[in-house]
Structure formats: structure tokens, C-alpha cells
Protein chains: 4
Amino acid sequence: MVSEANDARGRGRPRDPKVDEAILGATVAVLRERGWSGTTIEEVAARAGVGKTSIYRRYPSKVTLVADAATRDRESVFPSFDTGSAAGDLMAFVLGSLRRLLGSVWQDVLPGVLAEAAEDPDVREVVKEAWSWRRASIGAIVARGIERGEIQPGTDPEHVLDMVDGPLLFRLMVTKAPLDYGFADQLVDRVMRAVGSHWR
Amino acid sequence: MVSEANDARGRGRPRDPKVDEAILGATVAVLRERGWSGTTIEEVAARAGVGKTSIYRRYPSKVTLVADAATRDRESVFPSFDTGSAAGDLMAFVLGSLRRLLGSVWQDVLPGVLAEAAEDPDVREVVKEAWSWRRASIGAIVARGIERGEIQPGTDPEHVLDMVDGPLLFRLMVTKAPLDYGFADQLVDRVMRAVGSHWR
Amino acid sequence: MVSEANDARGRGRPRDPKVDEAILGATVAVLRERGWSGTTIEEVAARAGVGKTSIYRRYPSKVTLVADAATRDRESVFPSFDTGSAAGDLMAFVLGSLRRLLGSVWQDVLPGVLAEAAEDPDVREVVKEAWSWRRASIGAIVARGIERGEIQPGTDPEHVLDMVDGPLLFRLMVTKAPLDYGFADQLVDRVMRAVGSHWR
Amino acid sequence: MVSEANDARGRGRPRDPKVDEAILGATVAVLRERGWSGTTIEEVAARAGVGKTSIYRRYPSKVTLVADAATRDRESVFPSFDTGSAAGDLMAFVLGSLRRLLGSVWQDVLPGVLAEAAEDPDVREVVKEAWSWRRASIGAIVARGIERGEIQPGTDPEHVLDMVDGPLLFRLMVTKAPLDYGFADQLVDRVMRAVGSHWR
DNA sequence: GTCTAAGCGAGACGGTACGTCCAGTCTTCCG
DNA sequence: CGGAAGACTGGACGTACCGTCTCGCTTAGAC
């Protein structure tokens, strides 16, 4: 997400990668102890031992900074491996998601980021980008499932994403219901009932 | 949510109901044209021709004000009538939800409110409260379905809520995918496959 | 110079005179220990235990704040009393001026204020205002001198002001030559030679 | 004032005189359209098509840059020629001063430079240096006048400088009264009355 | 003909202060 | 005493420059 091809190799002093690191590190630290709304650019800058300018030069807004920091906090992406069955793949994906989510700052910042995204199209773009790997993973799982005959041909991966991430988000942001193994199990069961060829 | 019972009938000048109205009206107007984060108590007060004090006397925070205003914007609650079948009841519920949501300020306001709720337990309480009628409606639908033998006994209404409001929220806040008749149809189909006794 | 008729007696909380005092006091203190350019609104606010807003509400700029503070620092105006002779009056005026100037913050801030005045017409107005009592004093002295026959009729007080404040300013800002009794003596002598009827 | 002797003739690339020119030209331009305080090193650099470093390599501060630029803007120094009488010499000097002053950026820049000088001893040195030719000119005029018997022996040229540059500065910075022929005439008259042997 | 120190434009760096905006509270007067 | 007005403290915002520091390059005298 760092983007803007750094190999512009334009003239002038190049950006110091240590500063990049310091900013992201400080951002994660502040997020952890102050939460989304308690996080200010000012404090991040102070904590990173960096001028505010150096942050604004890299990120146009708090939300882009935080999104980048959260993305890097843990390597949020994990391999979508082939377990041999669609249900297995899904289970692995859901459990992996939960594990990463619960351990990272994403859990704290997601509501704030999504709120911002609702108002700013640029942020929306960032969010979509950040979600694309999930879309891709589900797509792969569904494709393999169809090949194996476990999932109905013509199944739209987007709907599967609705079924997986929808309840997850709902619990995270509204009901605060637990995101545990039982939840994952039910999720997989529902998906397989909805799009499976001969589930149970 | 209109604040505490006004019939304290204490001494002194009673609250002016015109002020209540002016505040709520101005809040909705400002929300519509500035969005959640662009809405400030200051502007609402100015627009309503009211002192900031008169707002703070009624609402402890922006989020409670907005929640009240949004709730009244359209009567967001609607009766959950009995259509004769579980699938019909669900369809009615989902379509009603969509109709109310898409026409009201809730749609603009929800992400912001949920973000606030993630950090402030008081707000979380408000949100839970605001969601309770949906929980109740789903509960009633499920109960009738079980009675009729359409829905598996022991079905947890909470899971059904996950399946209905989860994707809805996900589309609203993340993918911005359409919330239309087709979506509603799929939603109902999935729910019935997941918890129906002999769907299709 | 506080101006803006406070007796608008409009509704709303009236300005707190303690805040006025705190601001001016802090300004003088900061000026003394940091000098003109080292004085920041930020520090004045902090020192006064006052929000920056409360300063900006009263003064549109640093220079107006400082001008007001300096004016009040010592009652810079002093009575122009009648000593019986034009030379005596002038001497009293010059010595009084020196005494007040050297003891107040004016000495430190004058260059900065005048620099600002050179660029901002509003500030120029403030300066003119602040100088008007000197113009008036000289005017009175000249008038009395003409009456007594000591000063040539038709003498323009403005020129006398040139002769008095010009060298004073020049020494203060350029040569840093001493502003002492000898200087005052010479000043008076020159003025009397230039506009006196029969000096020496 | 062009900075230190360039004939160090050390190794390395010599300074590009085009850069010198570009900097000074841009400085004058920016001074004219933005005034003293609106002039920033950053803009001068941009306007000159030059790196900030190239300016800082030549001038340690804004004030030295500006002083140099202003000095070169017009050849501010002019010969103090012998007109045959002290009054004539003085008149020539004053009129020359006015002519140079009013046409150059000095007029805009002087207040700012003097304000800086009030706080920074290094700048004060620069100012004193810049004023020395005036001191010298007046000295020469006074010396010739004494020789001719027109000016009282023992007259301190410094006082004459007070009487000439004082009112000039005062009008320039405080009263904004006109600096015209009449003013010059009065100035000369006053000086001659104050230090002349038998004026009129 | 290399070497090499200095100059060059560009622009990132840590900082500081700016003036603005809101939050939520407090204080006045009017009805 | 309720309500409107608006001043209060406080703190983050995003901007603008400061003066310093790399960068990769050019220039031209010294070797």
C-alpha cells in the first residue's frame, strides 16, 4: 500500500526508510494504547521522533496512515492453502481470519476506518484494496470447490464473501458476540448448505 | 430516547417542545448535507436557532443526538406481520428494512455511530437498544416458523440475525454492493437453507 | 485601546476582565524575557493560563496585542505640565519620554511594531493612535511658547515632533547612542534654535 | 558585502556568478511584491530557480541576503561632492539620499531590517556598516564647513547625523509624512541654525 | 586524463508557530 | 428557573517556513 513507485528516482534527497518504519511503528503503538479516535497525528509524530511534515508528506490523512499501519501490523494476508475439501478450505480461511484479526490492531481500527470510508471515496478505495485479498481467497476456494463438484457451478464468490465477512463484521461492530471456533463452524456450515452440492 | 420523563413537573419554566423539534429538524438537515463527521453541535445549534446549552441539556453527546434524530427521521420501526410462512415473513422483514434504511439518514449515519460505539460503552448500549426491535422481530418470525414446522426447532434467532444483518451491514459499509430485491431474495434463500426444515 | 464599546450589553457571557489582565500580564512578561520576535501567542496563552482562542477573540494579531500590552505596561502617558518656559516644557517632555521609554517594554518592542506597521495599514493606525498623545503634548508646548513670545508664530508642531522623536528613534534603532541627559539637552537646544524667537 | 573574497581559489567548482545574480534579482522581485515579512528564502529560491542551499551558502540569514540585495538594487551610495558651501553640501546630500531611498527597495525593507537589528547583534553590525558611508559623508561635509568657517568648530558630526537621519527615519517609519524638497529644505535650515556660525 | 573538492537543484528531515475549529463547560441576562 | 447567547479552557488540525541534511550530478583546477 506504500505505492507511489519510489523508483521515480527523481532528484532530491530520497525518503528515509527508517522514518517510514518509525512512523508505522509509532502509529501501531498509539493505536493500541489510545484507540482509533484517541490517535492523533501529533502524538504519532512525537512518538516516532519525526516531524509532522514527514507524516503528511506520506499520508494525506489519518485514515490512510492507520490503514497502512494496520495492514503491516501483522502480515494480515495468509496463504489460502488447499486442504482437500471446500469445507476444509473455508474453515482454514475463517479460522485464519479470526486469528489475525483478533491479534492485530485491525480489530480496534476497523470501525473508524469504515466510518471514514463511508464519507470519503478515496478511503473507500483503500478499503476495497485492503479487502481484495479476501475476495481473491474466497474466489480460489470456490473455484476449487466447483472443480471438485462440492460447490454448485455458477456460485458467485461475492455472495460467499457476504456470508463470511458479513456476520463477522456484524459481530465485531454491533453485537460483540464471540468470534470463536463455534462461530466459524456455523459459518462454514451455512455456506455449504447455501452453495454446496450435496452437503450432509 | 427523548431523554428523561418530562413530567417531573418540577418548578420553573417547562421545556419548550418547539426547541425539541427545532433541534431534531436541524440535526437531520445538517446530517444530510454534511454527513456524520461534518455534523457539529455548533452548527446544529446555529441552524436550529438554539443555544448549544439547550442541546447539551437534552443529549449528553453528539451520538445520542444523532441516534435520536435518525430514529425519528422515519419511523424506522415497522410491524412484523404474519404472512403465513417463515420465508414470507423474512422477506417482508428484509424488504421493509431495506426500504426504511435506504430512505433515511441512518444509512449515512450508521458507520459513524458504530465507530463511536466501538470505543464508548455508553454508545454501545444505545446501539444495542436501537437494534433490539430487530432482534425481537427475528425472534418472532423464528418462533412462528418453528411452530409451523418450517424451521428447525432449537434454531438460535441470534444466528439468523447474523445471517440477515451481517451481509446487509457488509454491503452497506464495505462493498457498497446493491441492497435490492435480488439481494433480499438470496438472503431469505440462504437463511431457509441454513435453518429450514425442508426448504426446496 | 481596548475599544469596542463593551457596553454592547448584548446577551451571552461577558468577557472576563481577569482574562484581560492575565493576557496583558503574560504578554509583558514574555516580551521581557524573550523579546519581540521570541514572543509567541502560544506561549502567552500558556503563561496566562488561557486558551489561544481567548487571545484571538480580543486581538487580531500579535502586534495589536503587544501594542496594547506595551501601552499599559507603564502608564506611558504623562502630564505635560507648564514649567513657565518653552525650553523648560520641552526639557520636561523629553526627559519624561526617556524615563518612560527606557523603563518599559516599549523600548524592546518598538522596532518590531514599526516594522509591522510598515506593511499593515491597520497596525499603522494603531501606531498613529499610540503616538497621538505626543503630538498633542508638543502641540500644547508650542502653543504656549508662541503665546509667550518664545516661539516663532506659525511654527508647525509637526516639525518640532520631527526634531524631537526623529533623533530619539534614530538612536534607539540605529546608532544605539545613549539616550541621556546630555542628549535631551542638545535636543532642546536645537529645537529652540530652530523655532525660538530669540534663543540665547 | 558580497561575502568573502572569492579568490580563495581553492579546488572544487567555483561559484556560478549567474546564480549570484539570479538570487539577488529574485530577492528584489519578491521584496517588491511581497514586502519584507512576506519574503521567504523558500520563495526566493524557487523564483531564482535555485536550491535553498545555494542561498544559505552565500548568506547566513534572510536579513543579510536582503541587505545585500537592497544595497545593489540601486547603487545606494553616491559621491558627496563639494558644492562650495556647507548648506549646499548638506542639501545635495539630503536630496541624493531621498532620491536613492525612494526609488529602491530600501524603503520597504528598512523597518524590517532595523527590527531584526534590534534583536540580533550580528545584524546590528551589518546595519552599522551599511550606515557608515553616511556617517563618513556627513563627517566630510562638517569638516569642510568648519574649515570654511561656516560651521562651529568642535561640532560633533554624530549630532548632525541625528538631525538629518532622525527625522528622515521618523517620517519613513512613523508619520509617513512626505519626504520631499520642502522637507529637505527645512532639514538643512535646522542643521545650519543649530551648528552654523552665522546662518542668516 | 584522471582525480577530487566544491557547487549545483531538488527535496526530505526535525521543528516551531501559526490561525482555525469544535468540544464541552460556565456565566450572564431575559422572560 | 428555562432558554439563548456567547465567552471560557483546551487541544488537534493541517499549513508554511525555518535551517540542515542528503542525494546524484556538473564543473574545473590540481595532479
Side-chain angles (χ1 to χ4, degrees), chain A residues 8-16 18-20 22 37-46 48-58 60-62, chain B residues 10-16 18-19 37-43 45-46 48-62, chain C residues 8-16 18-19 37-43 45-46 48-58 60-62, chain D residues 8-16 18-19 22 38-46 48-62:
Chain A
R9 277 280 97 289
R11 304 236 285 296
R13 178 173 173 179
R15 292 201 180 153
D16 186 344
K18 275 182 210 157
V19 171
D20 290 332
S37 71
T39 296
T40 65
I41 299 271
E42 210 129 78
E43 185 171 359
V44 170
V50 140
K52 279 203 284 178
T53 319
S54 294
I55 296 181
Y56 282 115
R57 203 175 287 123
R58 289 167 169 75
S61 65
K62 172 176 160 180
Chain B
R11 305 235 292 298
R13 177 174 170 180
R15 288 201 181 155
D16 186 345
K18 276 182 208 158
V19 171
S37 71
T39 296
T40 66
I41 299 276
E42 212 128 80
E43 184 170 359
V50 139
K52 280 202 286 178
T53 322
S54 295
I55 296 180
Y56 280 113
R57 220 191 312 280
R58 289 166 169 78
Y59 303 97
S61 68
K62 171 176 162 180
Chain C
R9 271 308 52 318
R11 304 238 284 297
R13 177 174 175 177
R15 291 201 180 153
D16 186 344
K18 275 183 210 157
V19 170
S37 70
T39 296
T40 66
I41 300 270
E42 211 129 74
E43 185 171 359
V50 139
K52 279 201 284 179
T53 319
S54 294
I55 296 181
Y56 282 113
R57 219 193 314 278
R58 288 166 169 76
S61 64
K62 172 177 161 181
Chain D
R9 260 12 296 32
R11 301 240 288 303
R13 178 175 174 178
R15 291 201 181 153
D16 186 344
K18 276 183 208 158
V19 170
T39 296
T40 65
I41 300 275
E42 211 127 80
E43 185 171 0
V44 170
V50 139
K52 281 201 285 178
T53 322
S54 294
I55 295 181
Y56 281 112
R57 202 175 288 123
R58 289 165 170 77
Y59 304 97
S61 66
K62 170 177 162 180

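Chain letters run A, B, ... following the sequence lines, proteins first, then strands; residues in each count from 1.
Contact between the side-chain N/O atoms of D/R57 and the OP1/OP2 oxygens of E/dC8 is found at a separation under 4.0 Å.
Between the axis at the start and the axis at the end of the helix from E/dG1-F/dC31 to E/dG31-F/dC1 there is an angle of 10°, using five pairs per end and rounding to 10 degrees.
Residues B/V19 and B/R58 form a side-chain contact, since some pair of their non-hydrogen atoms from C-beta on lies under 4.5 Å apart.
Mapping C/V19 and D/P60 onto DNA chain F by nearest heavy atom places C/V19 at the nucleotide closer to the 5' end. Remark on DNA chain E: of its neighbouring residues D/A45 and A/S54, the 5'-side contact belongs to D/A45, judged by nearest-heavy-atom nucleotide.
A salt bridge does not link A/R15 with A/D20: every distance from a Lys NZ or Arg NE/NH1/NH2 to an Asp or Glu carboxylate oxygen is 4.0 Å or more.
Taking each heavy atom of C/I55 and C/I41 in turn, the nearest pair found is CD1-O, 4.0 Å. Closest approach of D/A48 to D/A22, counting heavy atoms only: CB-O, 3.5 Å. Residues D/G51 and D/A45 share a closest heavy-atom pair of C-CB, 4.2 Å.
In terms of polar N and O atoms assigned as donor or acceptor, the side chain of C/R13 comes within less than 3.5 Å of the base of E/dC26 in a complementary pairing.
Protein atom CD1 of C/I55 is 11 Å distant from nucleotide atom P of F/dC8, rounded to whole Å. Across the protein-nucleic acid pair, D/D16 atom CG and F/dG29 atom P stand 13 Å apart, rounded to whole Å. Rounded to whole angstrom, the span from the CG atom of A/D20 across to the P atom of E/dG14 amounts to 11 Å. Put simply, NZ on B/K62 is 10 Å from P on E/dC22, counting in whole angstrom units.
Side-chain proximity of C/R15 to the nucleotides F/dA28, F/dA7, F/dT26 is greatest for F/dA7. Each of F/dT9, E/dC13, F/dC13 was ranked by its minimum atom distance to the side chain of A/Y56; first place goes to F/dC13. Residue D/R58 has its side chain nearest to E/dC8 when only E/dC13, F/dG6, E/dC8 are considered.
Listed by chain and residue number, B/E42 satisfy the salt bridge (charged side-chain N to carboxylate O under 4.0 Å, His left out) test with B/K52 (two or more places apart in sequence, or in another chain).
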Name the pairs: protein N/O against N/O of nucleotides 10-12 of chain F, kept only if under 3.5 Å.
residue	atom	partner	partner atom	Å
F/dG10	O6	C/T53	OG1	2.8

